[in-house]
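Step one of this worksheet: look at the structure below.
Computed over heavy atoms, backbone and side chain alike; hydrogens, waters and symmetry mates excluded. These numbers were taken from a predicted model, which means no experiment stands behind them.
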Amino acid sequence: MNIDSALPALAALAHPTRLEAFRLLVRHEPEGLSTGELVDASGLTQSTFSTHLAVLAKAGLVKSEKLGRQQIQRADIDTLRELMLFLAKDCCQGRPELCEPLLAELTCC
């Protein structure tokens, strides 16, 4: 990931509705959730939520798959991993002990 792909992802996550929706999708990996379930969880109208979902999809954070009559939304874990690596890649500056607490918290996932 580079700055040109990181910025849209960070901008997409900079809105409370989109951040909560993305976190909800991450918790429901790998099954994903239907668009209707996401709308219900958000408390928004279908059209308003669809706008937020489109922003997440355009940023590469969410993938959609048609399953019967439903659209199943899934967090793109590869993009999440790339974004996290992009943000933390230079944190140590040759001193791995600086990143050890971060890595320890992530290993429980």
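Glu37 CD to Ser42 OG: the interatomic distance, rounded to the nearest 0.5 Å, is 12.0 Å. Note that CG of Leu38 and CD1 of Ile72 are 9.0 Å apart. Values are rounded to the nearest 0.5 Å. The CG atom of Leu33 sits 10.0 Å away from atom CD of Gln70, with the distance rounded to the nearest 0.5 Å. Atom CG of residue Leu61 and atom CG of residue Leu56 lie 6.0 Å apart, to the nearest 0.5 angstrom. We find the CZ-CD distance between Arg23 and Glu20 to be 5.5 Å, quoted to the nearest 0.5 Å. With rounding to the nearest 0.5 Å, the separation of CD1 in Ile77 from CD in Glu29 is 4.5 Å.
Residue Leu85 qualifies as enclosed at atom CG: its count of foreign heavy atoms under 6.0 Å is above 12.
Residues Gly60 and Asp76 share a closest heavy-atom pair of O-CB, 3.4 Å. Pairing each heavy atom of Ala59 with each of Pro8, the nearest pair is CB-O, 3.6 Å. Looking at every heavy atom in both residues, Val62 comes nearest to Phe22 through CG2-CD1, 4.3 Å. Heavy atoms only, all atoms of each residue included: Lys66 and Gln71 are closest at CB-OE1, 3.3 Å.
There is a path of hydrophobic side-chain contacts, each under 4.5 Å, that joins Leu19 to Leu24. Val39 and Leu67 sit in two unconnected hydrophobic clusters of ILVMFWY residues. Membership requires side-chain heavy atoms under 4.5 Å apart, directly or through other members. Follow the hydrophobic side-chain contacts under 4.5 Å out from Val26 and you reach Phe86 in the same cluster. Leu25 and Val55 fall into different hydrophobic clusters, where Ile, Leu, Val, Met, Phe, Trp and Tyr side chains are chained together by heavy-atom contacts under 4.5 Å.
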Open item on the list: Walk me through whether Leu83 and Met1 qualify under side chain to side chain contact (heavy atoms under 4.5 Å, CB included).
Closed with: CA-CA 7 Å; Leu83 181 60; Met1 180 167 284; 3.8 Å; yes

TODO: List the steps and the verdict of side chain to side chain donor-acceptor pair (under 3.5 Å) for Thr45 and Thr48.
DONE: CA-CA 5 Å; Thr45 65; Thr48 300; 2.9 Å; yes

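Residues passing the side-chain contact (heavy atoms from CB on, under 4.5 Å) test with Ser50, sequence neighbours excluded: Gln46. For Thr17, the side-chain contact (heavy atoms from CB on, under 4.5 Å) partners at least two apart in sequence or on another chain are His15, Leu44, Phe49, His52.
Using a 3.5 Å distance cut-off with no hydrogens or angles, the side chains of Gln73 and Ser64 do pair a donor with an acceptor.
Using a 4.0 Å cut-off between charged nitrogen and carboxylate oxygen, Glu65 and Arg74 count as a salt-bridge pair.
At distances below 3.5 Å, not a single donor-acceptor pair connects side-chain atoms of Asp4 with backbone N or O atoms of Leu7.
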